[in-house]
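Take a look at the structure set out below.
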Amino acid sequence: MAQQERKMADLRLQNCKKEIDELRKENLHFRKENGNLKSQNRTLRLENEKIYKEIDALREEYGNLKSEISKLRSEHQSIHSEIPNEREGKLMDNKLESSEDIREPEENIENGKPLKKKHWVKVPFELNTTELNTEQEKKKEEQSDDKKTPEKPPKTTRKQCTSQTGNTYNNRVQRKECIASIGIDFGTAFTGYSFGIKGSKQIRQPKWGEEYGLNTPKTLTCILFDEDENFLKFGYDAIMTYTRQTRKDEAKKQFLFDNFKMELYGRVLHRDSMMTAQNGKKMRAMKVFSESLRFMKDHALEMMGKHTSGKKYSASDVTWVLTVPAIWSAAAKKFMTEAATEAGLVSESNPERLIVALEPEAASVWCKQLPSEGFMEGDLEEAETLEQISGTQYMVVDCGGGTIDVTVHEVAEGGRLKELNRVSGNNMGGQTVDVNFKLFLRETFSEKVFDDFEENHPSEVKRLMYDFSICKRYEGDVLVQCPYNLQELARKVKDMEDYFTEESETDWESGSILLSGSKLKSFHDESLNGIESLIERILENQNLKIKYIFLVGGFALSPYVINFVKEKFGSKYKVLFPVDAAMAVVKGAVMFGMMPNIVESRI
């Protein structure tokens, strides 16, 4: 036994020695690798130090350039401010010199008396001198001689200069020059803006909702006021504050308005018109719209400053373009103009800084300059952009949240546009799909259950509809999460599974409502039929030679809309879908502000 134990101990010892040897080898290997890593680390540190030195040098150079640029800007401004005065002086000098050459006679002697030489005095630019004719002067001189009274220089009458140059100069002195164009697309479901700095071709817009895990070019058309009607939040901030950070009792006191743009459709409006909030209380519509525009104005000016090295801009520096649906009445457009004035976009002294543009026209301005790669699944065939092909006719179908607007344009010389058919539209936008979804929920859970849910849990209703708005962008079966309190109210009547049947093309699945693709499409049918009737009515005009149909707007992101229009009209016309379809209106608005006369003629 002792020998066996000794042998076992020897074996263990040998194994331990082998393991120690292997560990030593590994240790040597690691030391070598560590040495290599240290040498690499030293190399990287040296390279890093070089890079930091280069960065410091670049920063110093950047600072020098920045100071030089600021000096050049100040010099430019001082020179620019002197130019009008110099130009004025030169114009006056030339004018007076030429008038002296023509009108001033040489000193002559008549009846032994020298004729008086007329003296021309330089006067301000907007004034002009009018001389008396020679005969009148002679008579006055003779009369003065006969009466032996002291001679007086002839009186000159002054009149306002009516030359185009004079008017242009006066306008330039009175008004600041616009240095940017900002387009605001005040949508039914989403609102956004874009801006362009004068002299730059780039059009920029912010990203919204990043703090909530979102990244969208527009924010929700939603505004929140406290119980004293003081503005609190707009957009995603408003809906998130209302649904996630506000208790139920407090929510009932606050004024929440969303999807309120269509309140202006088909109504007789005035400054004291009222709107109903989610809590059932009323507020002046003018305040709701003006505070919304004020928020967008302030956000846009601040964002523009961030993109120009912190420069501060005021509303008077900008041409504002506010887009409105084509089907709106003149009263609705006037209401928006007054709201923009109350919001501080423009003042009553400079109303020309505000342009109210039709949404499909703005979208058309954007589409005509897009290159072939600016469209999904399509090309322009003949040229890089439409504006290069004079005579090309195309239709723009703007599918928004509230309205569908259609316009037909022809490209004229110089890329300008001719309207070939009066702008038309209806109120069958994407919001119609939301209404049909709500009707489905009401029919499924009963009016009593859903009314109770809407009245007592308004924040959950908003969250439900927001989830559904995302589902609208998918084709096929979708899952819509059912809010907790809707489930609780429904279970008091019967089990959740019993509300859904195979015949209804819906099902209950782990706290969510499963909608089949055909059921989801049925919610779209009313809108799709509205789009079809609008397009067909225009195409009945045999004089039109339309080649392209452009689909733009947020609702155009729906695959059901795209596939439907292609299926109905794709065989005769080239249906194109811009990559940035949801921003076509607002980006076109910026271009509209830079070229307000781009539409040559309208019907």
Note, Met591 side chain near Gln369 side chain (heavy atom, < 4.5 Å): yes
Do His299 and Phe234 have their ring centres less than 6.0 Å from each other? no
Indicate yes or no for a side-chain donor-acceptor contact from Glu505 to the backbone of Ser516 under 3.5 Å, with no hydrogens or angles considered. no
Of Val396, Thr403, Val552, the residue whose pairing with Glu359 passes side-chain contact (heavy atoms from CB on, under 4.5 Å): Thr403
Give me the atom names and distance for the closest heavy-atom approach of Ser424 to Leu534. OG-CD2, 4.1 Å
Tell me, do Val433 and Phe555 make a side-chain contact under 4.5 Å, heavy atoms counted? yes
More than 12 foreign heavy atoms under 6.0 Å from NZ of Lys287: is that the case here? yes
Any Leu539 side-chain heavy atom under 4.5 Å of Ile546 side chain: yes
Determine whether the side chains of Thr191 and Thr221 contain a donor N or O and an acceptor N or O closer than 3.5 Å. yes
Between Asp452 and Lys448, does at least one N-O distance fall below 4.0 Å, as a salt bridge requires? no
Are the side chain of Ser292 and the backbone of Val288 linked by a donor-acceptor contact shorter than 3.5 Å? yes
Without hydrogens or angle criteria, can the side chains of Ser527 and Tyr560 be said to hold a donor-acceptor pair below 3.5 Å? no
Between Ile513 and Leu441, is any pair of side-chain heavy atoms under 4.5 Å apart? yes
With a 4.5 Å limit on heavy-atom distance, are the side chains of Val590 and Val321 in contact? no
Between atom CD of Glu263 and atom OG of Ser273, what is the distance when rounded to the nearest 0.5 Å? 10.0 Å
When rounded to the nearest 0.5 angstrom, what distance separates CZ in Phe445 from CG in Leu489? 10.0 Å
Between Glu526 and Thr432, is any side-chain donor less than 3.5 angstrom from a side-chain acceptor? no
For Glu227, what residues pass the side-chain contact (heavy atoms from CB on, under 4.5 Å) criterion, not counting sequence neighbours? Lys253
So Val461 and Lys438, do their side chains get closer than 4.5 Å, heavy atoms only? yes
Side chain Lys218, main chain Ala582, donor-acceptor under 3.5 Å: yes
Ring-ring centroid check Phe195 His307, cutoff 6.0 Å: yes
Lys462 and Leu256: CA distance, side-chain angles, deciding distance, side-chain contact (heavy atoms from CB on, under 4.5 Å) verdict: CA-CA 11 Å; Lys462 295 302 167 192; Leu256 179 77; 4.2 Å; yes
State, yes or no, whether a side-chain contact exists between Gln254 and Thr241 at a heavy-atom distance under 4.5 Å. no
Contact list for residues 324-336, test side-chain hydrogen bond (donor to acceptor under 3.5 Å, both in side chains), sequence neighbours left out: none
Please step through side-chain contact (heavy atoms from CB on, under 4.5 Å) for the pair Lys587 and Gln205, ending with a clear verdict. CA-CA 9 Å; Lys587 287 188 174 181; Gln205 70 274 335; 3.2 Å; yes
Tyr242 side, atom OH; Leu232 side, atom CG - distance, nearest 0.5 Å: 12.5 Å
Between Val365 and Lys368 the two heavy atoms that sit nearest each other are O-CG, 3.5 Å
So, the side chain of Arg204 versus the backbone of Ile197: is there a donor-acceptor pair under 3.5 Å, distance only? no
All side-chain contact (heavy atoms from CB on, under 4.5 Å) counterparts of Gln487, not counting sequence neighbours: Cys482, Arg491, Met496, Trp508
Residue pair Ser181 / Ala589: nearest heavy atoms and the distance that separates them: OG-O, 4.2 Å
Pair Met376, Ile562 - check side-chain contact (heavy atoms from CB on, under 4.5 Å), show working. CA-CA 11 Å; Met376 301 284 287; Ile562 299 169; over 6 Å; no
Give a yes or no on whether Lys494 atom NZ has more than 12 heavy-atom contacts from other residues, nucleotides or ligands under 6.0 Å away. yes
Heavy atoms of other groups near Arg473 CZ, more than 12 under 6.0 Å: no
For Met594 against Ser200, the heavy-atom pair lying closest together: CE-O, 4.4 Å
Parallel under 30°, tilted from 30 to 60°, perpendicular over 60°: which one fits the rings of Tyr236 and Tyr466? perpendicular
When you look at Phe260 and Ile223, which way does the side-chain contact (heavy atoms from CB on, under 4.5 Å) test go after all the steps? CA-CA 9 Å; Phe260 54 87; Ile223 189 168; 3.9 Å; yes
What's the shortest heavy-atom distance between His524 and Ser558, and which atoms? NE2-OG, 3.5 Å
Below 4.0 angstrom, N of the basic side chain to O of the carboxylate: do Glu460 and Arg463 qualify? no
Below 4.5 Å, heavy atoms only, C-beta onward: do Ser194 and Met583 meet side chain to side chain? yes
Whether over 12 other heavy atoms sit under 6.0 Å from Lys519 NZ: yes
Tyr394 pairs by ring-ring contact (aromatic ring centres under 6.0 Å, His included) with which of Tyr573, Phe550, Phe375, Tyr548? Phe550
What's the separation between atom CD1 in Ile470 and atom CG in Leu214, rounded to the nearest 0.5 Å? 7.0 Å
Nearest heavy-atom approach of Cys471 to Val480 is SG-CG2, 3.9 Å
More than 12 heavy atoms of other groups within 6.0 Å of Arg271 CZ: yes
Looking at Thr188 and Gly402, would you say the former's side chain and the latter's main chain have a donor-acceptor pair under 3.5 Å? yes
To the nearest 0.5 Å, atom CZ of Phe523 lies from atom CG of Leu520 at 7.0 Å
May I ask you to say whether Glu454 pairs ionically with Arg442, meaning some side-chain N is under 4.0 Å from a carboxylate O? yes
Distance from Asn230 atom CG to Phe255 atom CZ, nearest 0.5 Å? 10.5 Å
Can you tell me if CD on Glu532 sees more than 12 non-hydrogen neighbours from other groups inside 6.0 Å? yes
Without swapping roles, check the side chain of Asp226 against the backbone of Asp228 for a donor-acceptor pair under 3.5 Å. yes
Is the distance between the ring centroids of Phe289 and Phe186 under 6.0 Å? yes
